[in-house]
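Written below as structure tokens is the structure these notes are about.
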Amino acid sequence: MTEHAVRHDWSIEEVETLFALPFQDLLFRAQSAHREHQAPNTVQMSTLLSVKTGACPEDCAYCPQSIRYDTGLDREALMAVADVAERARAAKEAGATRFCMGAAWRSPKKKDIDVMTAMIREVKALGLESCATLGMLNREQAKELRDAGLDYYNHNIDTSPEFYDKIITTRDFQDRLDTLEAVREAGMNVCCGGIVGMGETTKDRARMLQVLANLDQHPESVPINQLVAVPGTPLADQTPIDPFDFVRTIAVARILMPKSAVRLSAGREQMSDELQALAFFAGANSIFYGEKLLTTGNPDVEHDRELLERLGIRTATGASGALHA
Ligand code: SAM
Ligand code: DTB
Ligand code: SF4
């Protein structure tokens, strides 16, 4: 058995013990797991595009796109396929290997799936990996997206099962798990993680990662988002997470899911270069690249290129995650 085996039977006590380790001990373990299972000094880059923005019927307390909160966001209908293809081409030219399309839906309708499949085909034709995050899916919808060539589906559990109803009341934790199962059954890669800094406890962070690590198959991609506190949302005045606790969450994700890509996701614009370097050391090996996330800011492309160069981090080709029909 290797020192950091891929396991699916983590107890909550074990995960909490990792969180409680002295910071240096935890980072040493995470970096060891990283080097055992991942190529060091490498990062995978995905570019996000919001293809349908705002007016979402859900009440996720962190989200600027919920129709229930006045965040001053301009709503936008589903984009034209040609415009999305243009943005995907630009993302490829800038150096992204995966293009991720997000829509502010509770779940897509039949006509939405028809447009999304056309977008996915365009993205694939450019030689990019494709990813989408469109809300809840049933089995047929997941299969249609897969048949169009969708490589990854992003659907986050967001927080622990225990804290979930403090953040979202319009769906429950099991709904998230059901969609993840439909995505798996359709044969797609799963991108699933959550948000920290929403007022949850360390135990909630441990439970969130425990749920992910104890899935039958680990998500291929695990985005760890730091809350972007948007004015107008219920979490606008939330006290930010201690940066070391953020890095601890990345490190524990790396140890629990050693073969997965751990993505340093939302919140990078609010982080120093030094903190990001620490997150990479803790095992993050994937980022969102491009000056916008979905509706909020992300570091400039120039700044990211410079940062990666200063740290001697190469960009991964990304081809390994693509599914082939
Ligand atoms: N509507 C779909 C859904 O909820 O699955 C897809 C888009 S939704 C915006 C995708 C993810 O973005 C959420 O699950 C959440 O993890 C993340 N997110 C949204 N707003 C955020 C914020 N203010 N800070 C950090 N992450 C956020
Ligand atoms: C994920 O885990 N984070 C991304 C992506 N998956 C879709 C979204 C972050 C959104 C941050 C708030 C915004 O820009 O609207
Ligand atoms: Fe809607 Fe997704 Fe935002 Fe929740 S996170 S309000 S489901 S867009």
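When a ligand or atom number is given, it counts from 1 through the structure's own listing order.
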task: Report yes or no: do Val247 and Ile195 belong to one cluster of Ile/Leu/Val/Met/Phe/Trp/Tyr joined by side chain heavy-atom distances under 4.5 Å?
output: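 Result: yes, single cluster for both.
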query: Is it true that Leu49 and Leu73 fall in one hydrophobic cluster, defined by side-chain heavy atoms closer than 4.5 Å?
result: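 Different clusters: Leu49 never reaches Leu73 through Ile, Leu, Val, Met, Phe, Trp or Tyr contacts under 4.5 Å.
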Side chain, backbone, both or neither: the part of [X] lying under 4.0 Å from ligand 1 by heavy atom:
{"X": "Met101", "value": "neither"}
{"X": "Val228", "value": "both"}
{"X": "Thr296", "value": "neither"}
{"X": "Thr133", "value": "both"}
{"X": "Cys60", "value": "neither"}

Return the closest protein heavy atom for [atom] as residue, atom name and distance.
{"atom": "atom 6 (N) of ligand 2", "value": "Asn154 OD1, 3.2 Å"}
{"atom": "atom 4 (C) of ligand 2", "value": "Phe288 CE1, 3.6 Å"}
{"atom": "atom 17 (C) of ligand 1", "value": "Ile195 CD1, 4.2 Å"}
{"atom": "atom 5 (O) of ligand 1", "value": "Arg176 NH2, 2.8 Å"}
{"atom": "atom 12 (C) of ligand 2", "value": "Thr296 OG1, 3.6 Å"}
{"atom": "atom 12 (O) of ligand 1", "value": "Asn156 ND2, 4.5 Å"}
{"atom": "atom 3 (N) of ligand 2", "value": "Asn225 OD1, 2.9 Å"}

Give the numbers and elements of all ligand 2 atoms closer than 4.0 Å to a heavy atom of [X].
{"X": "Thr295", "result": "13 (C), 14 (O), 15 (O)"}
{"X": "Pro223", "result": "2 (O)"}
{"X": "Pro64", "result": "15 (O)"}
{"X": "Thr133", "result": "7 (C)"}

Under 3.5 Å: N/O of Gln65 near N/O of ligand 2: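 N/O-N/O distance under 3.5 Å: no.
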message: Counting only nitrogen or oxygen atoms and a 3.5 angstrom limit, does Ser265 reach ligand 2?
response: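 N/O-N/O distance below 3.5 Å does not exist for this pair.
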[X]/[Y] ion pair, N-O < 4.0 Å:
{"X": "Glu309", "Y": "Arg314", "result": "no"}
{"X": "Arg89", "Y": "Glu86", "result": "yes"}
{"X": "Arg305", "Y": "Asp300", "result": "no"}
{"X": "Lys52", "Y": "Asp112", "result": "no"}

Atom [atom1] of [X]: over 12 foreign heavy atoms under 6.0 Å:
{"X": "Gln174", "atom1": "CD", "value": "yes"}
{"X": "Arg139", "atom1": "CZ", "value": "yes"}
{"X": "Asp237", "atom1": "CG", "value": "no"}
{"X": "Asp9", "atom1": "CG", "value": "yes"}
{"X": "Phe244", "atom1": "CZ", "value": "no"}

Using a 4.0 Å cutoff against the non-hydrogen atoms of [X], which atoms of ligand 1 qualify?
{"X": "Leu294", "answer": "9 (C)"}
{"X": "Asp158", "answer": "13 (C), 14 (O), 15 (C), 16 (O)"}
{"X": "Ala266", "answer": "25 (C)"}

- request: State, without any angle test, whether Thr170 and Glu58 hold a side-chain donor-acceptor pair at a distance under 3.5 Å.
  value: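 The answer is yes; a qualifying pair exists.
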query: Are Ser46 and Gln44 close enough that a side-chain donor and a side-chain acceptor fall under 3.5 Å?
result: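 Ser46 vs Gln44: donor-acceptor pair found between side chains.
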message: Using a 6.0 Å distance limit plus a 45 degree cone around the ring axis, check whether Arg87 lies over the aromatic ring of Phe99.
response: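 No - Arg87 does not lie over the ring of Phe99 by the 6.0 Å and 45° rule.
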query: Does Arg98 count as lying over the ring of Tyr152, i.e. NZ or CZ under 6.0 Å from the six-ring centre, within 45 degrees of the axis?
result: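 Yes, Arg98 lies over the aromatic ring of Tyr152.
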- prompt: By number and element, which atoms of ligand 3 are closer than 4.0 Å to a non-hydrogen atom of Ala104?
  reply: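 Matching atoms, with element in brackets: 8 (S).
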Is [X] close enough to touch ligand 1? Criterion: a residue heavy atom under 4.0 Å from a ligand atom.
{"X": "Gly135", "result": "yes"}
{"X": "Ala229", "result": "no"}
{"X": "Gln226", "result": "yes"}
{"X": "Lys52", "result": "no"}

Under 4.0 Å from [atom], do we find at least one protein heavy atom?
{"atom": "atom 20 (N) of ligand 1", "value": "yes"}
{"atom": "atom 26 (N) of ligand 1", "value": "yes"}
{"atom": "atom 2 (Fe) of ligand 3", "value": "no"}

query: Using a heavy-atom cut-off of under 4.0 Å, does the side chain or the backbone of Val228 touch ligand 2, or both, or neither?
result: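 Under 4.0 Å from ligand 2, Val228 contributes no heavy atoms.
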task: Under 4.0 Å, heavy atoms only, figure out whether ligand 2 is touched by the backbone of Leu48, its side chain, both or neither.
output: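 For Leu48, only side-chain atoms sit under 4.0 Å from ligand 2.
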For [X] and [Y], indicate whether the former's side chain and the latter's backbone hold a donor-acceptor pair under 3.5 Å.
{"X": "Glu200", "Y": "Thr159", "value": "no"}
{"X": "Tyr153", "Y": "Leu134", "value": "yes"}
{"X": "Thr17", "Y": "Val15", "value": "no"}

Using side-chain heavy atoms (C-beta onward) and a distance below 4.5 Å, is [X] in contact with [Y]?
{"X": "Val262", "Y": "Ile224", "answer": "yes"}
{"X": "Phe246", "Y": "Met271", "answer": "yes"}
{"X": "Phe23", "Y": "Asp245", "answer": "no"}

task: Could you establish whether Tyr62 and ligand 2 come within less than 4.0 Å of each other, counting only heavy atoms on the residue side?
output: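 For ligand 2, residue contact (heavy atoms, under 4.0 Å) with Tyr62 is absent.
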message: Judged on heavy-atom distance to atom 6 (S) of ligand 3, which of Gly54, Ala61, Cys60, Pro57 sits nearest?
response: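 When every heavy atom of Gly54, Ala61, Cys60, Pro57 is considered, Cys60 comes closest to atom 6 (S) of ligand 3.
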message: Using heavy-atom distances only, which candidate in Ile195, Leu294, Leu49 approaches atom 8 (C) of ligand 2 most closely?
response: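 Comparing heavy atoms across Ile195, Leu294, Leu49, the nearest one to atom 8 (C) of ligand 2 lies in Leu294.
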Between ligand 1 and [X], is the shortest N or O to N or O distance under 3.5 Å?
{"X": "Arg171", "result": "no"}
{"X": "Gln65", "result": "no"}
{"X": "Asn154", "result": "no"}

- prompt: For ligand 3, is any non-hydrogen atom under 4.0 Å from Arg171's backbone (N, CA, C, O), its side chain (CB onward), both, or neither?
  reply: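 Within the 4.0 Å criterion, Arg171 contacts ligand 3 through side-chain atoms alone.
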